[in-house]
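Remarks on the structure that follows.
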Amino acid sequence: MASQAEALSGDRHGEGNGGGGVPRGGQALALATLCTLLFLTFLDNTVVSVALGDVQTSLHANVTDLQWVVGAYALTFASIMLACGMIGDELGRKKVMLAGAGVFCAGSVLCALAPNVQTLIAGRAVMGLGAAASEPGTLSMLRHLYPDAKARSRAIGVWAATSGFALAAGPVLGGVLVGVWN
């Protein structure tokens with residue numbers, strides 16, 4: 001049990017075991033969890049674009065505001081993701097990834113309850129921070145979960161397919177949500 005916890009934590013103390021203590025069912029569940037988090041953070045890159053017309057109308061946003069609604073997430077995410085990866089190396093990938101998921105969720109709630117465009121922009125930046133903290137862990141933990149090179153290659157393929165699917169599904173899902181919401 002200790003080796004499984006160490007492998008999933010990504011802490012320095014658990015890196016030597018190669019993840020061999022993780023049972024197959026645990027690997028599949030962990031991969032599904034990592035891919036779900038990856039899906040949500042990548043989806044949010046594109047899903048909001050479809051809702052910009054409604055944001056403009058309901059929150060009385062101008063074009064510059066709309067650019068910041070999209071850009072706040074991407075700018076925050078891209079500018080601090082590498083630093084968050086290094087923090088994960090030092091403090092433990094699982095801890096940083098879970099903290100990032102919590103921050104991402106808090107930003108989502110802030111966006112959902114935003115009474116004005118400035119709050120929406122701030123919420124999108126908070127979501128970008130959470131995504132930047134959680135994203136590096138989703139890939140780096142696969143090395144520990146799948147010590148076998150062939151199994152790890154398949155897991156990375158699933159991870160990459162999930163990210164591509166999320167980016168492509170964003171506008172479609174955004175359109176469905178906007179259609180249902182109105």
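Every heavy atom of this structure was used, including side-chain atoms; hydrogens, water molecules and symmetry mates were not. Because the structure is a prediction, the values reported are computed rather than measured.
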- Message: Given 3.5 Å as the limit, does a donor-acceptor pair link the side chain of T41 with the main chain of L38, or not?
- Response: yes
- Message: Given 3.5 Å as the limit, does a donor-acceptor pair link the side chain of Y146 with the main chain of Q27, or not?
- Response: yes
- Message: Do L129 and V96 sit in one hydrophobic cluster, given that two such residues count as connected whenever their side-chain heavy atoms are within less than 4.5 Å of each other, even indirectly?
- Response: no
- Task: Please answer whether the main-chain N or O of G137 pairs with a side-chain N or O of R93 as donor and acceptor at a distance below 3.5 Å.
- Result: no
- Close side-chain approach of L52 and V69, heavy atoms under 4.5 Å: yes
- Query: When you look at CZ of F39, are more than 12 heavy atoms from neighbouring residues, nucleotides or ligands closer to it than 6.0 Å?
  - Reply: yes
- Message: Within the structure provided, determine whether E135 and F42 are in side-chain contact (heavy-atom separation under 4.5 Å).
- Response: yes
- Message: Please find the pair of heavy atoms, one from C84 and one from A132, that lie closest to each other, and give the distance.
- Response: CB-O, 3.3 Å
- Query: Given side chains that start at C-beta, do those of F104 and D44 come closer than 4.5 Å, heavy atoms only?
  - Reply: yes
- Item | Side chains of V180 and L177 in contact at under 4.5 Å (non-hydrogen atoms) | no
- Minimum heavy-atom separation for A101 to L37, with atom names? CB-CD1, 4.0 Å
- Query: Any side-chain donor-acceptor pair under 3.5 Å between D54 and T57?
  - Reply: no
- Only one of D65, L59, L66, V48 forms a side-chain contact (heavy atoms from CB on, under 4.5 Å) with L120, so which one is it? L59
